[in-house]
*Asks:* 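Structure in structure tokens, see below.
Numbering of residues begins at 1 and proceeds along the displayed sequence.
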Amino acid sequence: MDLKRDILGAIVTLARLIRTEADKRARAHGMTRAQWTILLNLERQPGLLQKELAEVLEVEPITVARLVDRLEARGMVERRADPTDRRCWRLHLTDQSRPLMAEIGVQLEELAAMATPGLPRETLELVATALATMRDAVAAEARRTPTLPAPADAEEAA
């Protein structure tokens, strides 16, 4: 059991350290990690609705709307009318975002190299497979288990 707890602790700590480093790198470009995450998702899935993007990011749609507003003001993202539903807007990267996307790619490569120094490909493949299995198991459990409301005193502590 200690080994499994140690693994979970290492994952949580590593995720926090990577988020902190990514925040620092995004700020160096006058942006936030959340904005970078939106850009990366739109690069992978052009034409997402704001609602779909919010689901992917696991945040409220209003949060995505505000972030997209800022990205649109910087000329990085554009909203295009949905051809089948005029109430909806599809999100797309602009040509102006391409240099930044290349830089984000460089930053991600550097983060990956920082997190995996000297690890042979076989080890990386094993770790990637193990983490995907763990992610899928937790996601499956989350879908089966209803979300319980937070205790009243938890809100006061936040």
Side-chain angles (χ1 to χ4, degrees), residues 1-71 74 76-77 90-93 97-158:
M1 186 61 172
D2 286 342
L3 178 60
K4 290 179 181 179
R5 284 185 181 179
D6 289 347
I7 290 169
L8 289 179
I11 291 169
V12 168
T13 301
L14 177 60
R16 180 182 50 78
L17 291 168
I18 289 172
R19 281 192 311 271
T20 300
E21 184 63 24
D23 285 336
K24 183 169 55 173
R25 290 168 185 249
R27 276 194 311 273
H29 293 346
M31 300 187 79
T32 66
R33 179 174 39 93
Q35 289 172 321
W36 277 17
T37 302
I38 285 175
L39 294 173
L40 289 166
N41 276 280
L42 292 178
E43 184 177 52
R44 272 182 250 132
Q45 298 179 72
L48 283 174
L49 296 171
Q50 283 184 188
K51 178 184 175 192
E52 294 168 334
L53 186 56
E55 289 170 5
V56 168
L57 299 176
E58 297 179 346
V59 297
E60 293 298 318
I62 190 66
T63 302
V64 168
R66 289 181 183 135
L67 289 165
V68 169
D69 287 345
R70 289 186 198 115
L71 290 168
R74 290 183 70 157
M76 300 289 152
V77 171
R90 299 269 172 196
L91 303 174
H92 295 270
L93 296 179
S97 72
R98 300 301 171 202
L100 177 61
M101 296 311 296
E103 178 59 27
I104 292 172
V106 168
Q107 296 299 321
L108 289 174
E109 286 295 322
E110 288 179 8
L111 280 169
M114 181 189 309
T116 59
L119 294 176
R121 179 153 187 85
E122 300 80 28
T123 301
L124 293 174
E125 289 171 355
L126 180 65
V127 169
T129 299
L131 289 173
T133 299
M134 294 166 72
R135 177 203 61 219
D136 294 347
V138 172
E141 181 62 27
R143 285 190 299 273
R144 280 193 297 276
T145 308
T147 303
L148 299 175
D153 60 342
E155 289 181 17
E156 294 171 11

*Asks:* Nearest 0.5 Å, please: how far is CZ in Arg16 from OG1 in Thr20?
*Replies:* 6.0 Å
*Asks:* Which distance, rounded to the nearest 0.5 Å, do you find between the CG of Leu67 and the OG1 of Thr32?
*Replies:* 5.5 Å
*Asks:* Show me, pair by pair, the donor-acceptor contacts under 3.5 angstrom made by side chains of residues 44-59, not counting sequence neighbours?
*Replies:*
residue: Gln50; atom: OE1; partner: Arg79; partner atom: NE; Å: 2.8
residue: Gln50; atom: OE1; partner: Arg79; partner atom: NH2; Å: 2.8
residue: Glu52; atom: OE1; partner: Leu49; partner atom: N; Å: 2.8

*Asks:* Out of curiosity, Thr37 OG1 to Gln35 CD, how far, rounded to the nearest 0.5 Å?
*Replies:* 9.5 Å
*Asks:* Determine whether Leu91 and Asn41 satisfy the following criterion, side-chain contact (heavy atoms from CB on, under 4.5 Å), listing intermediate values before the conclusion.
*Replies:* CA-CA 10 Å; Leu91 303 174; Asn41 276 280; over 6 Å; no
*Asks:* Roughly how far, to the nearest 0.5 Å, is CG of Leu14 from CD1 of Ile7?
*Replies:* 13.0 Å
*Asks:* State the CG-CD1 distance between Asp23 and Ile18, to the nearest 0.5 angstrom.
*Replies:* 12.0 Å
*Asks:* Closest heavy-atom contact between Leu39 and Met76?
*Replies:* CD2-CB, 4.1 Å
*Asks:* Quick check: closest heavy atoms across Thr145 and Glu141, and the distance to 0.1 Å?
*Replies:* OG1-OE2, 2.7 Å
*Asks:* Does any pair with a residue in residues 110-152 pass ring-ring contact (aromatic ring centres under 6.0 Å, His included), and if so which ones, sequence neighbours excluded?
*Replies:* none
*Asks:* List the atom pairs, donor and acceptor, that lie under 3.5 Å between side-chain atoms in residues 103-120 and the rest of the protein, sequence neighbours left out.
*Replies:*
residue: Glu103; atom: OE2; partner: His29; partner atom: NE2; Å: 3.4
residue: Glu103; atom: OE2; partner: Gln107; partner atom: NE2; Å: 2.6
residue: Gln107; atom: OE1; partner: Arg25; partner atom: NH1; Å: 2.6
residue: Glu110; atom: OE1; partner: Arg25; partner atom: NH1; Å: 2.7
residue: Thr116; atom: OG1; partner: Ala112; partner atom: O; Å: 2.6

